[in-house]
Amino acid sequence: MPQKKPVENDKNQLTHFDTSGKAHMVDVGGKSETHRIAIACGTIRMKPETLAVVENHTADKGDVLGIARVAAIMGAKRTSDLIPLCHPVALTRVTVDFTIAENSILCQARTETVGKTGVEMEALTAVQTGLLTIYDMLKAIDRGMTITDVRLLEKSGGKTGTWNAENRN
């Protein structure tokens with residue numbers, strides 16, 4: 001039985017559900033291709049001695065942040081394999097940066113494409129994958145690490161234009 005299309009122009013409508021409430025993949029066929037960017041971030045908190053292992057490059061498994069960066073990029077590229085209703089996106093750029101702070105590491109990922117759908121999920125997946133990789137590499141010395149504050153900071157492109165967390169516009 002064919003699914004009913006969502007009501008168009010309803011800003012309160014959840015786009016991944018039709019009017020009957022059934023999940024579906026959003027039709028992006030009629031959208032224009034635009035340059036789309038998303039920036040997301042998150043933090044992993046740990047004991048000071050665990051952070052020292054990262055800073056001193058003494059982890060048994062190798063370069064923690066280098067491996068986490070590659071994992072984050074791979075995560076962004078595999079988002080549609082992990083999130084059921086995400087479209088596969090041809091990413092044109094993924095950057096991942098880590099900042100060491102007091103007892104924590106901040107991960108920030110920026111994803112870009114020229115396409116018909118945004119890259120917010122790819123940026124968020126990159127951050128989560130990077131932080132999970134840090135956890136995996138250090139869990140033998142600190143199982144109490146906490147991944148927190150994962151969120152979208154900014155997105156641009158497409159019909160809805162620019163949005164950022166600071167202005168919430």
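Just so it is clear, the structure is predicted and the values come from calculations on it, not from any experiment. FYI, the numbering just counts along the sequence from 1.
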Compare every heavy atom of A76 with every heavy atom of T111, then report the nearest pair and how far apart it is. CG2-CB, 4.2 Å
Minimum heavy-atom distance T34-G157, with the two atoms named: OG1-C, 3.9 Å
Donor-acceptor pairs under 3.5 angstrom involving side-chain atoms of residues 44-58: please list them, not counting sequence neighbours.
unit_1, atom_1, unit_2, atom_2, d
R45, NH2, D149, OD2, 3.0
T50, OG1, D142, OD2, 3.0
N56, ND2, A52, O, 3.0

Is the number of heavy atoms from other residues, nucleotides or ligands under 6.0 Å of K155 NZ greater than 12? yes
Heavy atoms only: give me the nearest I134-A68 pair and the separation to one decimal. CG1-CB, 3.7 Å
I want to check something: taking the side chain as every heavy atom from C-beta on, are V150 and Q128 in contact at a cut-off of under 4.5 Å? yes
Can you check side chain to side chain contact (heavy atoms under 4.5 Å, CB included) on R36 and S156, steps first, answer last? CA-CA 6 Å; R36 297 166 184 266; S156 64; over 6 Å; no
Rounded distance (nearest 0.5 Å) linking atom NZ of K61 with atom NZ of K139: 4.0 Å
How far apart are the closest heavy atoms of A38 and V119, and which atoms are they? CB-O, 3.5 Å
Is the backbone of G130 close enough, under 3.5 Å, to the side chain of Y135 for a donor and an acceptor to pair up by distance? no
Can you measure from OG1 (T133) to CG (L138) and round to the nearest 0.5 angstrom? 10.5 Å
If I compare all heavy atoms of A72 with all of V96, which pair ends up nearest, and what's the gap? CB-CG2, 3.7 Å
Steps toward side chain to side chain contact (heavy atoms under 4.5 Å, CB included) verdict (L91, K77): CA-CA 7 Å; L91 293 168; K77 291 167 49 175; 4.2 Å; yes
How long is the straight-line distance from CD of Q108 back to CG of L153, given to the nearest 0.5 Å? 5.5 Å
In terms of hydrophobic clusters joined by side-chain contacts under 4.5 Å, are I100 and F98 together? yes
How long is the span from the CD atom in E154 to the CD atom in E166, to the nearest 0.5 Å? 9.0 Å
Shortest non-hydrogen contact from C107 to V127? SG-CA, 4.0 Å
Atom CG in D136, atom OG1 in T129: separation rounded to 0.5 Å? 12.0 Å
Testing T99, L65, V64 for side-chain contact (heavy atoms from CB on, under 4.5 Å) with I105, which one passes? L65
Not counting sequence neighbours, which residues clear side chain to side chain contact (heavy atoms under 4.5 Å, CB included) with H35? List them please. I37, E112, V114
Reported OG1-to-CE distance for the pair T125 and M74, which is rounded to 0.5 angstrom: 13.5 Å
Mark yes or no for whether S80, through its side chain, and C86, through its backbone, hold a donor-acceptor pair below 3.5 Å. no
Applying a strict under-4.5 Å side-chain criterion to I, L, V, M, F, W and Y, I'd like to know whether M121 and L132 cluster together. yes
ILVMFWY network linking I39 to L152, side-chain heavy atoms under 4.5 angstrom: no
Should V89 and V94 be counted in the same cluster of Ile, Leu, Val, Met, Phe, Trp and Tyr side chains packed under 4.5 Å apart? yes
